[in-house]
> 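Please find one structure pasted underneath; my questions will follow.
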Amino acid sequence: MNIYDIIFYLFAAITLVSGFFVVSTKNIVHAGFYLLFTLFGVAGLYVLLGADFIAIVQLLVYVGGILILLLFGVMLTNKITSVDLRSGTSYIIPAVIGVGILWGALTAVLFKTSWRSKAPSGMDPTTSEIGRLLITDYVLVFELLGILLLVALIGAASIARRDKE
Amino acid sequence: MLGFPILTLLTFIPVLGMIVVLLLPNDRAKEIKYTSLLATGLQVVLAIVLMMNYNFNAGGVYDESSFQFIEKFRWIEIPGISWLGTVKIDYFLGVDGLSTPMVLLTAIISFIATLSSWNISNSVKGYFALFLLLDTGMMGVFVALDFFLFYVFWELMLLPMYFLIGIWGGPRKEYAAIKFFIYTLFGSVFMLLVMIGLYFSAQETLVDGSKVFTFNLLALMDQSNYTADGILSPFNPNNIRFIAYIALFAGFAIKIPMFPFHTWLPDAHVEAPTPISVILAGVLLKMGTYGILRISYPIFPEITRDLMWYIALFGMINIIYGALCAMAQKDFKKLIAYSSVSHMGYVLLGMASLSTTGINGAILQMFNHGTITAMLFLIVGVIYDRSHTRGLDDFGGLATQMPVYTGFVTIAFFAAIGLPGLSGWVSEALVFVGAFGVDIIRVLTMISALGILLGAAYMLWTLQRIFLGKLNEKWNQLADLDKREYAMLVPLAVIIIFLGIYPSAMLDIMNTSVNSLVDFLSNGSANFTLSGL
Amino acid sequence: MQEITFLQLSITVLFLPLLSFLIVILYGKKFPKLYLLETGSIILGFALSVLLMIFKISQQLNNTLSFNMTWIDFGNVPMLGHLKIELGIMLDNVTVLMLFVVYLISMLVHIFSLEYMRGDRLYNRYFAYLGLFTFSMLGIVLTDNLLMMYIFWELVGLSSYLLIGFWYEKKSASDAGKKAFIVNRVGDIGFFLGILIIFSAYNTFSFAKVFEQIGMGVLPFDSGAWLTAAGILIFMGAVGKSAQFPLHVWLPDAMEGPTPVSALIHAATMVAAGVYLVTRVFVMLTADAMLIIAVVGAFTSFVAATIALTQNDIKKVLAYSTVSQLGYMIMSLGVGAYAFAFFHLVTHAFFKACLFLGSGSVIHAMHHEQDIRNMGGLRKKLPITYLTFLISTLAISGVPLTSGFLSKDGILAGTLAFGSLTGHWLIPAFGFIVALMTAFYMFRLVIVTFHGVPKNKEKFDHAHESPFVMVMPLVVLSALSLFIWYTPLPHAPDAGWFISDWVKTPQTVVPENLRFDFMKSSAPGEINGEVVHSASYTEALHHAHYPAMALSLIVAGLGILLAFLMYQWKKIDPDLVAGKVKPLYDFSLNKWYIDEFYDAAVIKFTLKFSGFLAWFDNTIIDGIVNVSAVITRLASKIVDLFDIYIVDGFVNFSAFISGFIGLSFRRMQTGKVQTYLVFVVFSILILLIIINPF
Amino acid sequence: MDLTNLYYSLRLILPEVIVSVALLIIVIADLILHRDKKSIPYIALTGMLAALAFMITDLAQQGFAFIPSKSQHMFGMVAVDAFGTFFKILIIISSVFIVFFSNSSLEIQKVSDRIGEYYTLIYGMILGMMFMISASDLILIYLSIELLSLSSYVLAGFTKLRDRNSEASLKYIIYGAVSSGIMLFGISILYGISGTTNLMALNKFFQSPELNLLTLSFSLILIFAGIGYKISAAPFHFWTPDVYEGAPIAITAYLSVASKAAGFALLIRFIRTSFVAVVDAQGNWILFDFFDWRSLLIIISILTMTLGNFSALWQNNLKRMLAYSSIAHAGYILLGLAVLSVHGLIAIMVYFLIYLLMNLGAFFIVMLIADKSGSENIDDYSGLGYTSPLLGVALSIFLISLTGIPPTAGFIAKLYLFIALVDANMIAVAVIALLNTVVSLYYYVRVLKHMYLTKPSASTSSVRAVGINYAVVLILTIPVILFGLYFTPILEFVKNCISILSI
Amino acid sequence: MIEVGLTHFLIVSSALFSFGIYGIITRKNAVMVLMGIELILNAANINFVAFSRYLNLGLSGQVAALFVIILAAAEAAIALAIVLNIYKTFDHVNVDEIEKLKE
């Protein structure tokens, strides 16, 4: 077991344990923080997979953006003074059964599959290559994403803003 | 032939009338009524013109050249979609001996029903618009020679009928209307499926020699047109013609209505307003039997031959069952409705014989039942208008109060009973003559003859309960017939008596065609002999 | 006179009453005197028919004239060739005689009715109906084919219905009309089926053509049994119309109609139509068919006679006696005594019409009292009526010098001959017993009505002889009940022109193996110009003649004596006798309980059954069939009948399932998005299992 | 990717470019026109008509756009073909109608100060749908679905007027996000198996003998769950009734027609390009045998139509009833796809064309009535046929057409569907579909019953719409009748549009 | 323990995916449901990146992951806007209590 493996298990553990707590803790704020660890762990996994740029983006966008957004969401949708930040649960039994089977099936399937994996090459920096791809092969997706962000922006603003009455 | 498209005019004059009616303002009830009367009147005139120019020696049925007043235009033509080749649907109208009596019947009954609609008072405009649309649908069914066109006309009537029962009907009108609608649609979806199946199984050769799939009924009757692998092709060893036949037959049987699909009929009749009952019984029921003769028989002759016993069986059940049910009714209209079930059984029985006399009798019975039942429903309408009740036991002794009315009732009742000299008897007799001649259905025919007895029993009982005996003092204010009611009843009575004495007037029209049909049905099967009677 | 003139004349004679009927029925309201037109046309028709008869018998005695036209032409029918249905008329001696009889009685009844029905609200319509009846009856008489026979058969039924129920405000009258029509229909179905057999086999309705083909050995469906069946089925028509057992029940009830109608229709003419029908198809009856006919006739006459013994309504007695006499005629045909059957038909028509009109006169005089127990002593008040009534009674009882003696004697001789040839002795036995009873109950009627002391003084005092127009028909008819019109010798029916010249037994056409032995056509014999079947039959008849005469005289005398002993001289107390054989008496009084039996077994059952079917139709069929009932349930929901059906317990399995489907679909839509997601997860899993690639 | 490729590609996706530009113009116009935003709908309309014009003139255009530079095959991310153009035209046409709908809609008028945002989002939807239709790369597909979805999430709750708008929006986004997440997960697995996200390349890959069948099926089902959600096929339909009921009617109509059409186009293209091994002479699609699409589609479609119809029976809210009815129609259309032949394709396209007219028409009238009476409840339709005759008649026509009774266009749609089914010998399925049609009659006719068979009550409003609304109603009604009687134009049009770009 | 390979990453991703679904179904609070969605997206992303590396597919997987991350952000923004809107109208954000539209 080399250092790579140890690091993997570490990140995998962080990801899964915190991921588990995200969905099982009662306290919403705690869940937010667990999510932070999960996202962080995933970023770590990205690094292990040689995706340095993605890892950075993960940290920037997820941790820096989405998570903050979610926490804002938590704050804005709870009366901090009156309610303890707890959230109930529902459908535990069907969820456990369904998700359990799903997980089992998924794992079984993924295990049984003989992936045509090749030995991974070395870890080259990916940033410049990704940048090049974004404006060549993926230029359409890239541009479309731009429009999507614009639309999302307008949409979110439109729906969230307080109407003047 | 005539210099103008008489069948198109016959079919679409009501639509023109409907447009005029729709353009008239709501409050011009009188004008609306006269417009409808004019439209249906014109139809009668055209029908008479058609009769006068009719060639009695042309067979029709499966032979396009001997159809009359043909109008054939390409309606839909879409060249070359995928491997299907050209899709074409014709606007194909024509009449022969099977349809001409029905065209006449439709024209006459529509006219009389218009007259009987005179005292409709709410939503006059809507009523007559729908009524005229219904008229077009009915007429169209009887003149269409393209399956697709036939189907369109067939379905065209559903909606007007639904509204006419549903809006202007009796207390349970909504139930009756939806029941009618669902039943009929249920039947027609199967018809649709068979239609599509047939479409894929036969190819018509066009003038230019190309072969296209077709809805043309006459092309579908010609077995040489069928492809080798069509699902309804006789050449395909795995064909499902039998199932298709049953499905198609069920579609028509619901309309007839054949036991056990008949339960919509009493409800629809009882709830419908009088003119609509007249139309329903007078024309609509005939569409089922007409469809069988026009489509099921010639397209599936071999299955028809195999199943004739069963058709006769259902005919017999209809006759007996309908009569027994009628006997137990306490509502005048319901009784007449069940008597319709019984009388349509004779049509089935006659058709099942696959013989000239039997089928002639069946078609004549269709016509006669149309006029007789129309008259019966008008009679119910007259009494209901005056007394607002239809309970058989509420009346008594009306013969004293309304002698002329009673006279008409007597004519209609005895026609329904099958008294010689009145039209109903001739057709029933021919049906029996035809059916009795076929050995395999002879026993069924003999049992069916009980219907003659039962018919007399319930009709006379009804006559007694309503008209004979001491006058129920409650009704000593009832007036006898007025002019409009005379105008409705006299023509029907005249037709009934005239055809009773001189049935050839109608039989000559259909005779050649029926002979062709019988000939066509009996061809090509060595181990099967028809009595031919 | 040209042949064509005969036919034109007969067609005129046929349609004359119809024309007047139409005019009277349409304009009767406006012109109250139109009944005179009707009566006039009948008188004219009578004159013409007399003319016709005279010319026919004088000029064309042995010819059959016929005329027909195509009614329906089916063209060239596949496998059959040219098929058409023809209607036509036929004139032979029997026809013209019947024409005369019908017209004569019809005319007399018209005249009688002028007075009898005076003051009735629907006076004109009554005469119109009589016209319609006359027309229909003439149609039966004139037709040359079975189809037309059936048509007029039914029309006769219609006019009978109308006339029986003429006083429709009386429930009993309208009931009786209905009963007559429906009971007749039972017979008619048989008749119709018989016609169908004939047509199916020979493709024609014409008597002549059918007989021709049978004569050539063509059998229906290649089987003698079918020919027998055809004969019996056609005879069923006669059973209905001629009121034979077991369909005789309508005739007594038909007495609810006006009495002249009873005379015309239910005594003289219409009921004889059945006999007439059998004479028409006589030549195609097989041995089996004839035997059945004979037995039915004999039994009917017996049953009716036993019932007539105890009836107290004057018209009911006459009605049962009619049934009994019709049974005689039928029996006579059954045993092959064709000519005597027809002879009896004619003689019976006259004397029975006379009896009925006489009873009408009595009833008229007694102000519509019909119970003989309330009469008595009327002979003084109604001398002419009494006299004519008595003559007719003597005729029906078979007393010498009357026409009845002649015809009855012939029939009895026929039965004796039949018994001797075939060993069926029961039939003549019935014949003689009935003769005894007939004499007895007829004289009982005469004695109780006209002799003795009046039971109802008040009515008696008001009674007086009827006016001329009513009495005249009685006189005419009673005169016709004397022997002289038929034969010169009072003891020999076959000596006269009627039997020997006019009415000849036709030669049967049935294949030899289906005939009675004595009808095998080896050597037709002849006595006094009468040709009957074969030499052996002729001989048997000859031998039977005098025994029959003697026996019938004895039984008639016995019957009359008994009647006088019991009712005139009161030597025997009728009540005592009745008490002694109480069950038998009740049995007779209640008409063998046949009506009760029909009521319970047929009518009640049919009504119950139809009620059940209607219920069945409403609930079960409607339920099951309604598009797998799924839709019924849903439709009913839509029309808010849902609850009703549930309350009715009308829940069937498929409806339940369908409702369940709809509801469970609905239940899935909880509105909670997470529920939906649970479903999604499970759906994915299920799909994974369904679309498993392994 | 060199510049010629880019120019070439841009020319191919010119309609999309026009739509994008129009979107930007609207955003800018919204900013400029601060006070009076009345002109924005017209700008939106102009953009749509421009795109429509381009598409109609260039119907026959086809080719791959955005071909990766290092690709061995010439498979691009976008496949432009007549089939796609057909659906895009449908989308644009329905969008045009939605502009009119929105202009007439009371709900939308109340938020007229945000009308610029509204149309921006509509355009977002259009763009998403257009790319959904022609995308031939799973990443682009996912992205376009997301673009469509994000816009429609907002639009579903756009008016914020009532609880139900917000609720619809929330349910929609949760359901949608999960579905697309599942789909994405499926895509990622498929990517792992095949090493590509391009549909054509997938087809090539499937031709290889070694496949991990189980994994493949798993991923396909996960992907199907995502598409199934878009076309609201059971059992992925649950959001549909709730969202349709909650959203503004104009948006509901749009979702039920355009969004569904895009989803179907996507599904068809997905199956046609990736899974069809060969098309035989009869036009039947012979699929690779590792995944039984036909059975899956038949099961799903029967489930969908049955569930849609039976649930619709119980609805009292007309909008909700129409939602279920649109589910049922999705079932019928899926059946057309299950035929897996050119004929089925024709049936689907004919169906959609007609479905567009009749469904939009029905929703439009329901909207007009709801605006007036404030209720979509069927009880409030009592006697409406008398108080508002024209609308009543038109609604009847649309509903009858939805049932599929001649002589309305709906019958032609059904006819072609059944023609396809019978031709493929799928009789039993056809019978089930026909029985479903009979069931559907109940709830459609129930509306007619309320409109005509019951007398107007006090709560029945008399709807007197303005001229433009009548015009819209007529524009939708007349073709429904006309195409029922003479459907050559539809078929001619569809006939020209059945080519799908594939290898 | 065997050497870390593709399968390990897939196990992590599938677990994460399952957690995500579980969270979405069970949590009442809308924001927590959103967190679940993020977990699913992350799971997919891990797949993309892992496949991209182990199957030697170049950077296409990474680019896909990049797009997904951006998309997730946009989605989160809109989702939160909607949740805020819900909070304004319903005064709470409990998903299972928002059930007025049903049946």
Side-chain angles (χ1 to χ4, degrees), chain D residues 68 70 137-140 142-143 146-147 149-151 153-154 156-157 160-178 180-198 222 239 241-247 311 314-317 320, chain E residues 6 10 13-14 16-17 20-21 24-25 30 33-34 36-52 54-58 60-61 63-65 67-68 70-72 74-90 93 95 98-103:
Chain D
K70 275 186 250 161
D137 189 284
L138 288 171
I139 296 296
L140 185 60
Y142 175 69
L143 194 70
E146 281 293 299
L147 178 53
S149 303
L150 289 181
S151 313
Y153 300 153
V154 177
K160 302 191 282 187
L161 289 173
R162 281 183 263 176
D163 296 359
R164 63 179 201 176
N165 292 123
S166 310
E167 182 180 343
S169 199
L170 180 75
K171 282 181 177 171
Y172 199 7
I173 193 166
I174 290 176
Y175 199 102
V178 173
S180 63
I182 289 172
M183 182 183 180
L184 182 69
F185 197 78
I187 290 175
S188 74
I189 294 174
L190 189 57
Y191 170 73
I193 302 166
S194 65
T196 181
T197 51
N198 190 291
L222 292 180
W239 62 279
D242 295 2
V243 172
Y244 279 17
E245 189 186 346
S311 305
W314 304 85
Q315 301 309 321
N316 287 320
N317 182 304
R320 198 173 176 88
Chain E
L6 177 59
L10 295 183
S13 86
S14 62
L16 214 49
F17 178 76
I21 300 259
I24 291 163
I25 293 174
V33 172
L34 295 181
I37 293 170
E38 301 304 336
L39 291 187
I40 294 180
L41 295 180
N42 269 287
N45 267 354
I46 293 174
N47 273 0
F48 273 118
V49 176
F51 284 131
S52 177
Y54 281 94
L55 273 58
N56 219 350
L57 297 169
S60 56
V63 176
F67 292 144
V68 173
I70 296 166
L71 235 149
E75 197 170 72
I78 286 185
L80 279 170
I82 289 170
V83 170
L84 283 182
N85 197 25
I86 286 287
Y87 184 68
K88 273 191 279 182
T89 34
F90 287 83
V93 290
V95 176
I98 300 169
E99 45 157 10
K100 284 193 177 167
L101 299 169
K102 63 178 172 187
E103 287 188 1

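Nothing here was measured: the structure is a model prediction, and the numbers come from that model. Below, read A as the first sequence line, B as the second, and so on, with proteins coming before strands; counting in each chain starts at 1. Hydrogens, waters and symmetry mates play no part in the numbers below; they use all other heavy atoms, side chains included.
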> In terms of heavy-atom proximity below 4.5 Å to chain D, should E:Ile98 be classed as side chain, backbone, both, or neither?
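Both parts, backbone and side chain.
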> Is there a donor-acceptor pair closer than 3.5 Å between any side-chain N or O of D:Glu146 and the backbone N or O of E:Leu71?
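No, the answer is negative, given that no donor and acceptor are paired below the 3.5 Å cut-off.
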> Calculate, to the nearest 0.5 Å, the distance between atoms NZ and NZ belonging to E:Lys100 and D:Lys171 respectively.
11.0 Å
> Where do E:Thr89 and D:Ser166 come nearest, in terms of heavy atoms and distance?
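Result for this residue pair: OG1-OG, 3.5 Å.
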> Chain D heavy atoms under 4.5 Å from E:Phe48: which part of the residue, side chain, backbone, both or neither?
both
> Check the pair D:Tyr172 / E:Ile82 against side chain to side chain contact (heavy atoms under 4.5 Å, CB included), numbers first and verdict last.
CA-CA 10 Å; D:Tyr172 199 7; E:Ile82 289 170; over 6 Å; no
> How many angstroms lie between CG in E:Asn47 and CZ in D:Phe185, if you round to the nearest 0.5 Å?
4.5 Å
> Using side-chain heavy atoms (C-beta onward) and a distance below 4.5 Å, is D:Val178 in contact with E:Val33?
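No, every pair of side-chain atoms sits at 4.5 Å or beyond.
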> Please look at D:Ile139 and chain E and tell me whether the side chain, the backbone, both or neither of the residue comes under 4.5 angstrom of a heavy atom of that chain.
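Looking at D:Ile139, just its side chain touches chain E.
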> Determine whether a donor-acceptor pair (N or O, by modelled atom type, separation under 3.5 Å) exists between the side chain of D:Tyr191 and the backbone of E:Gly61.
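Yes.
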> Please classify the contact of D:Ile189 with chain E as side chain, backbone, both or neither, using a heavy-atom distance under 4.5 Å.
both
> Non-hydrogen atoms of chain D under 4.5 Å away: do they reach the side chain of E:Ile37, the backbone, both or neither?
side chain
> Is it the side chain or the backbone of D:Ile182 that comes within 4.5 Å of chain E heavy atoms, both, or neither?
both
> Is any side-chain heavy atom of E:Phe51 closer than 4.5 Å to one of D:Ile193?
no
> Of the backbone (N, CA, C, O) and the side chain (C-beta and beyond), which part of D:Thr196 lies under 4.5 Å from a heavy atom of chain E, both, or neither?
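Neither the backbone nor the side chain of D:Thr196 comes within 4.5 Å of chain E.
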> Name the region of E:Leu34, side chain, backbone, both or neither, that has any atom closer than 4.5 Å to a heavy atom of chain D.
neither
